[in-house]
Amino acid sequence: MQTDQARRHYLPAGFDDRAITILLVGCGGNGAQMLMGLAALDTALRAISSRSLNVTVVDDDNVTEANLGRQPFYRCDIGHSKARTLTERINLAHGLAWEAVHGRAPEAIGIDGFDMLISCVDTAAARRALGAALQTGRNPPLYWMDLGNRAGDGQYLIGCPRRTSHSDRPRLPSVLEVFPELADESVAEDDAPSCSVAEALERQSLFVNRVLASHALALLFDLLGRGSIGHAGAFINLAGGQTVPIPLPFANGASLAAAAEHANILHS
């Protein structure tokens, strides 16, 4: 019989007594909500542990009219860099020195040397580019958390990219391994931008990003604050009010498929 301890994933001891470095790719719907939440998580970690966060965010997009409402930007931000605007606001409010890069990863900033990669990107192509960089990196992040959503549903998943120097160690499969169809370059994608707030809300529910980010941040709080997690992510369906966790382990794929079917959604 499998014990409760065997069902959990534990944070390695190397994460103690230091700042955990995070590269957040994307500062749009999910990414901006994650960045705001990471500032709160940093405050909590400093209060309950010897850990803190040092975040670098990268995004090549500027704030537009369509971003107001669903994303934490204001009319005065229109035309300015999303990454720089939100990072400067957080640094000023929390007394931090987090960094922002106006560009795309991995071209504008390498992903080597970070403890964790969090991807909040719109396309499978962007995920494939990050996956390729992880495979060729000399010192890639130990963790890769990915968030994706459609109009009213989505999923988040944390994995451990394969490292050639530790290929024999048990690990959590990353997003491209759990959803191998994302690596299929023949699948067409709809990444057309919305031009107005109303059009943006037709494409995505007002709070889908906030709900998804809150669940992902709660998982990070368990891992970084309390030291372990009992699931690797979840499927969330706002229309049905359903949240179905992605269990540990999910290597055989059966439990993952059942979770997605129960939530009545596909990955996005």
Side-chain angles (χ1 to χ4, degrees), residues 22-41 55 57-94 98 100-105 118-127 145-157 175 189-221 233-243 263-268:
I22 293 177
L23 176 61
L24 175 61
V25 179
C27 194
N30 290 325
Q33 298 293 345
M34 285 297 292
L35 187 57
M36 299 281 286
L38 288 172
L41 180 57
V55 177
V57 57
V58 55
D59 195 306
D60 68 342
D61 205 2
N62 292 326
V63 180
T64 68
E65 171 86 19
N67 302 138
L68 306 184
R70 195 163 51 82
Q71 300 179 19
F73 297 105
Y74 306 105
R75 189 162 297 280
C76 61
D77 299 327
I78 292 177
H80 297 285
S81 164
K82 288 184 176 181
R84 291 172 179 165
T85 297
L86 202 53
T87 301
E88 289 172 2
R89 193 165 290 151
I90 286 173
N91 285 342
L92 184 62
H94 294 269
W98 290 359
V101 176
H102 186 78
R104 289 195 176 195
I118 300 177
S119 54
C120 300
V121 296
D122 295 332
T123 65
R127 291 186 176 95
M145 171 175 271
D146 180 81
L147 288 78
N149 70 279
R150 300 186 301 178
D153 57 51
Q155 80 289 321
Y156 63 97
L157 176 77
V175 60
E189 297 185 89
D190 177 14
D191 58 351
S194 302
C195 298
S196 68
V197 176
E199 185 179 351
L201 292 176
E202 287 294 324
R203 293 171 59 86
Q204 290 190 30
S205 175
L206 178 59
F207 294 113
V208 63
N209 302 122
R210 195 172 302 184
V211 172
L212 192 61
S214 293
H215 280 259
L217 288 160
L219 188 71
L220 287 182
F221 177 66
F235 295 99
I236 299 173
N237 187 327
L238 266 62
Q242 296 171 301
T243 300
N264 193 30
I265 66 172
L266 300 171
H267 68 79
S268 47

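Quick caveat: nothing in here was measured; it's all calculated off a predicted structure.
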Looking at [atom1] of [X] and [atom2] of [Y], how far apart are the two atoms once the value is rounded to the nearest 0.5 Å?
X	Y	atom1	atom2	result
Leu219	Met145	CG	CE	4.5 Å
Trp98	Ile22	CH2	CD1	7.5 Å
Arg150	Asn237	CZ	CG	8.5 Å
Leu38	Leu220	CG	CG	7.0 Å
Leu35	Asp59	CG	CG	10.5 Å
Ser214	Met36	OG	CE	11.0 Å

Hey, does [Y] have a side-chain heavy atom less than 4.5 Å from the side chain of [X]?
X	Y	value
Asn30	Gln33	no
Val208	Ile236	no
Leu212	Tyr156	yes
Met34	Leu217	yes
Leu238	Val211	yes

Grab the two heavy atoms, one from [X] and one from [Y], that are nearest each other, plus how far apart they are.
X	Y	answer
Cys120	Leu24	SG-CD1, 4.0 Å
Leu86	Pro72	CD1-O, 3.9 Å
Ala234	Thr243	CB-CG2, 4.1 Å
Gly28	Lys82	CA-NZ, 3.9 Å
Ala32	Phe73	CB-CE1, 4.2 Å
Gly152	Ser205	CA-CB, 4.4 Å

* salt bridge (Lys or Arg N to Asp or Glu O under 4.0 Å) partners of Arg210, counting only residues at least two apart ->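 If we apply the salt bridge (Lys or Arg N to Asp or Glu O under 4.0 Å) test to Arg210, skipping adjacent residues, there are no hits.
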Set of salt bridge (Lys or Arg N to Asp or Glu O under 4.0 Å) partners for Arg89, sequence neighbours left out: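 Checked Arg89 against salt bridge (Lys or Arg N to Asp or Glu O under 4.0 Å); matches are Asp77.
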Assess whether side chain to side chain contact (heavy atoms under 4.5 Å, CB included) is satisfied between Ile118 and Leu147, documenting all intermediate values.
-> CA-CA 8 Å; Ile118 300 177; Leu147 288 78; 4.1 Å; yes
Contacts of Arg84 meeting side-chain contact (heavy atoms from CB on, under 4.5 Å) (sequence neighbours excluded), chain-then-number -> Ser81, Glu88, Ala100, His102
**Item:** Polar side-chain atom of Asp146 near backbone of Leu157 as donor-acceptor pair, under 3.5 Å
**Value:**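 No; judged by distance alone, with no hydrogens or angles, the pair does not exist.
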